[in-house]
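Following: one structure in structure tokens, then a few remarks.
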Amino acid sequence: MSPTHSARVVVIIQARMSSTRLPGKVLLPLPLDGDTSILAHVVARAKLVAPGQPIVVATSTLAADNALAAAARALQAEVFRGDESDVLGRFVGALDGREAEAVVRITADNPAIDPTFVRAAVAHHLATSADYTLTTGLPLGTNVEVIAAAALRRAAAEATRPEEREHVTPYLRRHPELFRLEELPCAVPAAVAGLRLTVDYPSDYAFLHLLYSQLPADFSLTEPMGLPALLARFPWLARINDQNTQVQP
């Protein structure tokens, strides 16, 4: 049995419908003419991280998120609903009653997460007895956070700033004296490393649509004949959304 499987890892996907720049984005089809939603891609990839372990979609109690909750259940993911602005509280609520050792945090607007790197992050997290592990070096939208369940519960009990509640992990990262913080550098082809693979703006969606139109749904970040080859053939693809800015917590 692999360390990832035996460690009672819970993958929690935070999701909402109320995006200001691209409302309802997580249920948009990808590609545009397909019948698989962005959320469905995220859940499918999450299931490859820790087979047999829980996948929980953490969304809000707002009526606007009813359709999202129903879609998550249809994908055989569990659902936890809580306060819209207290995402940290939602994560801890999703842990209630579970004997989890570690939580993988994923956001529902990142459909290109690579399970290979997520599994590596979990293995590194467990091997170092970390409280918080962050991958580095991957494209925006594919780095991953792994959090010890005990550390997450402590953060939820102690964090008071609004941004610490909304963005889940700032409290841990701001307190290295309280938590063991680890980074896991990851290597991908240079053309891939600088990509923006999250969906926040319409141009992000257009870029991911083109990728999912040309590549298998489970494309990796490193398979030479996949994404790197596509970028080598059409280098202008990377410029479709490179002007977009990312708000950092």
Side-chain angles (χ1 to χ4, degrees), residues 9-32 34-50 53-96 98 100 102-115 118 140-147 152 155-156 162-170 196-202 204-205 208-209 212 217 244 246-249:
V9 175
V10 178
V11 180
I12 301 180
I13 303 167
Q14 67 185 71
R16 60 175 186 155
M17 294 289 282
S18 56
S19 166
T20 55
R21 298 182 183 93
L22 191 58
K25 61 184 178 181
V26 298
L27 293 186
L28 291 175
L30 193 63
L32 182 62
D35 55 8
T36 303
S37 69
I38 290 175
L39 178 65
H41 285 294
V42 175
V43 170
R45 287 171 177 247
K47 287 179 178 179
L48 298 176
V49 171
Q53 300 297 304
I55 307 293
V56 185
V57 174
T59 191
S60 85
T61 55
L62 295 178
D65 288 323
N66 289 348
L68 190 156
R73 291 189 183 99
L75 295 167
Q76 275 114 34
E78 300 180 37
V79 175
F80 179 84
R81 304 186 70 172
D83 187 287
E84 181 191 23
S85 355
D86 187 8
V87 187
L88 176 54
R90 272 193 255 154
F91 268 65
V92 170
L95 275 180
D96 280 352
R98 302 182 191 276
V103 172
V104 176
R105 180 192 176 211
I106 294 174
T107 60
D109 52 4
N110 292 339
I113 55 166
D114 191 323
V118 182
L140 183 65
T142 61
N143 279 299
V144 66
E145 296 171 301
V146 185
I147 312 148
L152 187 66
E163 71 274 12
E164 293 171 344
R165 309 300 304 189
E166 181 183 358
H167 296 291
V168 183
T169 59
R196 180 183 169 87
L197 294 175
T198 190
V199 181
D200 196 16
Y201 298 87
D204 294 331
Y205 179 49
L208 267 298
H209 157 72
Y212 273 86
N244 295 338
Q246 191 73 12
V247 177
Q248 298 297 331

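All values derive from a computational prediction rather than experimental measurement. Numbers here are sequence positions counted from 1.
Atom CD of Glu84 sits about 7.0 Å away from atom CG of Asp65, to the nearest 0.5 Å. For the atom pair CD1 (Ile106) and CD1 (Ile13), the distance works out to 5.5 Å, reported to the nearest 0.5 Å. Of the inter-residue distances, the one linking Gln53 atom CD with Lys47 atom NZ reads 14.0 Å to the nearest 0.5 angstrom. The distance from atom CG of Leu197 to atom CG of Asn143, rounded to the nearest 0.5 Å, is 10.5 Å. Atom CD of residue Gln14 and atom NE2 of residue His167 lie 9.0 Å apart, to the nearest 0.5 angstrom.
Within a 6.0 Å radius of CG in Asp96, other residues, nucleotides and ligands contribute more than 12 heavy atoms.
For the residue pair Asn244/Asp204, the side-chain donor-acceptor check at 3.5 Å is satisfied.
Of all non-hydrogen atoms in Phe80 and Arg90, the two that sit nearest each other are CD2-O, 3.5 Å. Taking each heavy atom of Ala156 and Val92 in turn, the nearest pair found is CB-CG2, 3.3 Å. The two residues Ile12 and Ala58 make their nearest non-hydrogen contact at CG2-CB, 3.9 Å. The minimum heavy-atom distance linking Ala71 with Leu39 is given by the pair CB-CD2, 4.3 Å. Across Ala77 and Val57, no two heavy atoms sit closer than the pair CB-CG2, 4.0 Å. Here the shortest heavy-atom pairing between Asp83 and Ser85 reads OD1-N, 2.7 Å.
In this structure, Leu88 and Glu164 have side chains that are not in contact, with every pair of non-hydrogen atoms separated by 4.5 Å or more. Counting heavy atoms from C-beta on, the side chains of Leu152 and Val168 come closer than 4.5 Å. Looking only at side-chain heavy atoms (C-beta outward), Ile38 and His41 stay at 4.5 Å or farther from each other. Here the side chains of Val56 and Arg98 are in contact, with some heavy-atom distance below 4.5 Å.
With hydrogens and angles disregarded, a donor-acceptor distance shorter than 3.5 Å links the side chain of Arg81 to the backbone of Leu62. With Arg21 contributing its side chain and Pro202 its backbone, the two residues share no donor-acceptor pair below 3.5 Å. Remark: side-chain polar atoms of Thr59 are paired, donor with acceptor, to backbone N or O of Ala15 under 3.5 angstrom.
Ionic pairing of Asp86 and Arg165 is present here: one or more N-O contacts between side-chain nitrogen and carboxylate oxygen are shorter than 4.0 angstrom.
Residues satisfying the salt bridge (charged side-chain N to carboxylate O under 4.0 Å, His left out) test with Asp114, not counting sequence neighbours, are none.
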Could you list the donor-acceptor pairs under 3.5 angstrom formed by side chains in residues 22-32, with sequence neighbours left out?
{"from": "Lys25", "atom 1": "NZ", "to": "Asp109", "atom 2": "OD2", "distance (Å)": "3.0"}
{"from": "Lys25", "atom 1": "NZ", "to": "Val199", "atom 2": "O", "distance (Å)": "2.8"}

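Remark: of the listed residues Val118, Val49, Val11, Val118 is the sole one forming a side-chain contact (heavy atoms from CB on, under 4.5 Å) with Val144.
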